[in-house]
Amino acid sequence: MDNDMDEPRRRVTIREVAERAGVSMATASRALSGNHPVPPATRARVLRAARDLDYVANAHARALAGGRKMAAVVVRQVTSPFYAQVAEGVEAEAADRGWLCVVGATGADPQREMEFVQLMREEGARLVILVGGVVEDDAYRERVAHYAQALDASGARLVLCGRPAPDPEIPALVVEFDNEAGARAITGHLLSAGHRRIVFLGGLPGNTALDARVAGYRAALAEHGLGPDAAHVVDCGLGRAAGLRAMGELLKETREFTAVFAGDDMVAAGALRAIADAGLRVPEDVSVVGYNDIPLAEDFNPPLTTVRTPAEELGRAAVRIALRDPGSAAGSHHLLGTHIVVRRSVAPPGAAQAAPS
């Protein structure tokens with residue numbers, strides 16, 4: 001297969017489906033289209049045959065043959081600044097190459113994800129790019145292995161963007177950034193400012209991205225001679241609402257911390273609001289850092305110190321590397337770096353007492 005994947009593997013034909021179901025090609029076509037009356041038993045037989053043969057309706061793909069190629073990017077939500085930036089990167093790189101780009105949002109619903117991936121396969125997408133961390137359970141591993149194998153059999157390619165492959169043997173490309181290193185660096189920044197009681201706000205056990213950030217946070221504490229008991233992880237998940245709620249509850253329970261490492265910038269936004277509502281100031285009373293460096297982070301009050309993840313470049317790299325590397329390249333893994341952006345949301349502990357009255 002060349003760089004543009006112009007030689008997809010042989011597809012199952014509607015003739016084979018008709019033969020398996022014991023009907024004519026015309027009947028099989030009517031049953032699959034759903035636009036014509038077909039006896040229920042016949043339709044069920046045809047659909048079962050299509051499923052058994054892994055048939056993909058290919059009319060649109062044939063229409064695209066010789067025309068523009070298509071990439072699909074699948075995100076949890078399009079309102080998230082991080083997901084929007086990654087999708088923008090995919091679209092920009094695809095457009096530079098004369099490709100079409102389709103964006104789908106799943107709302108973290110596995111069934112919607114599965115239906116969208118299947119639709120994109122039927123529509124002849126050459127690249128399907130799944131974006132963002134997930135809870136990596138058995139159902140997810142099975143689902144992604146199926147996506148990868150089905151797309152590979154169609155001459156298309158699965159790219160996991162911002163998440164690792166559940167199995168290095170599946171025919172999928174991985175493009176992600178180093179979550180653990182970024183978290184270790186930003187926690188180190190807080191420790192260097194003198195903080196020793198740092199809360200990680202935004203854990204979600206099993207989520208690949210957040211687990212890596214928690215691991216980096218714990219590693220930094222250990223590197224500075226702090227024991228496991230120094231870690232305080234609040235499993236509230238991501239988003240502004242989660243940060244607002246969890247930070248509010250934490251402030252009611254204890255003030256025994258001087259800094260907050262938010263799992264992403266939107267969690268940080270919620271935490272900043274809750275801290276202000278409690279009559280405290282950032283960074284004089286509590287220091288706060290985030291992750292991702294979304295465009296609004298520098299407009300927070302105060303501007304947020306955070307980890308810059310190359311979100312748009314992640315999307316561009318997903319397309320660029322997939323088209324550059326020949327073959328399905330099972331286990332192909334590309335890691336992008338991160339760096340800290342220092343703004344005004346961190347001060348040494350006790351800054352409020354040290355400030356002149």
Side-chain angles (χ1 to χ4, degrees), residues 1 5 8-12 32 34 47 50-64 68-78 80 83-84 86-87 89-91 93-94 99-176 207-209 314-315 317-319 321-323 328-332:
M1 186 165 60
M5 294 173 287
R9 297 184 184 181
R10 176 188 170 279
R11 295 174 182 265
V12 174
L32 291 168
L47 292 176
R51 195 163 50 247
D52 291 346
L53 293 169
D54 198 23
Y55 171 76
V56 175
N58 197 30
H60 188 73
R62 285 196 301 270
L64 282 174
R68 298 177 72 183
K69 301 176 182 70
M70 179 165 61
V73 56
V74 187
V75 299
R76 186 172 63 186
Q77 58 186 112
V78 293
S80 159
Y83 288 121
V86 176
V90 172
E91 196 282 329
E93 189 70 25
W99 285 45
L100 295 170
C101 180
V102 178
V103 179
T106 67
D109 181 345
Q111 183 62 33
R112 282 173 60 186
E113 179 186 85
M114 188 177 299
E115 290 170 354
F116 187 78
V117 172
Q118 177 63 14
L119 175 62
M120 290 300 96
R121 184 178 171 222
E122 293 174 359
E123 294 291 337
R126 304 292 186 89
L127 295 177
V128 175
I129 301 168
L130 303 184
V131 182
V134 291
V135 175
E136 194 176 335
D137 54 16
D138 289 341
Y140 168 76
R141 283 187 280 271
E142 182 179 342
R143 193 166 69 247
V144 169
H146 170 72
Y147 296 159
Q149 290 156 4
L151 288 165
D152 187 54
S154 303
R157 190 161 196 191
L158 177 67
V159 183
L160 302 176
C161 190
R163 68 175 75 166
D167 181 344
E169 298 304 313
I170 67 173
L173 170 70
V174 173
V175 182
E176 60 178 337
N207 181 283
T208 53
L314 196 68
V319 176
I321 296 171
L323 299 184
S328 58
S332 179

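Below, all heavy atoms of this structure are taken into account, side chains as well, without hydrogens, waters or symmetry copies. Please read these numbers as outputs of a predicted model, since none were measured by experiment.
Rounded to the nearest 0.5 angstrom, Leu100 CG and Glu91 CD are separated by 9.5 Å. Within the model, atoms CG of Leu314 and CD of Glu176 stand 8.5 Å from one another, a figure rounded to the nearest 0.5 Å. With rounding to the nearest 0.5 angstrom, the CE atom of Met70 is 5.5 Å from the CE atom of Met120.
The side-chain contact (heavy atoms from CB on, under 4.5 Å) test with Arg163 singles out one residue from Thr208, Val175, Asn207, Val174, and that residue is Thr208. Partner of Val131 under the side-chain contact (heavy atoms from CB on, under 4.5 Å) criterion, chosen from Val90, Leu160, Val75: Val75.
Across every non-hydrogen atom of Arg141 and Asp138, the tightest pair is NH2-OD1, 2.6 Å. Minimum heavy-atom separation, Val319 to Ala94: CG1-N, 4.4 Å. Arg112 and Ala105 make their closest contact through NH2-O, 2.8 Å (heavy atoms, listed as atom of the first residue, atom of the second, distance). Between Ala318 and Val159, the shortest heavy-atom contact is CB-CG1, 3.9 Å. Scanning both residues, Ala322 and Leu127, for their nearest heavy atoms gives CB-CD2, 3.6 Å. Taking all atoms of both residues into account, the shortest heavy-atom contact from Val103 to Phe116 is C-CZ, 4.1 Å.
Considering only residues two or more places apart in sequence or on other chains, Arg76 meets the side-chain hydrogen bond (donor to acceptor under 3.5 Å, both in side chains) condition with none of them. For Glu113, the side-chain hydrogen bond (donor to acceptor under 3.5 Å, both in side chains) test picks out Arg143, Tyr147, with sequence neighbours left out.
Few gaps surround CD on Gln77; more than 12 heavy atoms of other groups in view lie less than 6.0 Å from it.
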Pair Leu130-Leu158, side-chain contact (heavy atoms from CB on, under 4.5 Å): steps then yes or no
CA-CA 8 Å; Leu130 303 184; Leu158 177 67; 3.9 Å; yes

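A 4.5 Å side-chain heavy-atom check between Arg121 and Val128 finds every atom pair outside the cut-off.
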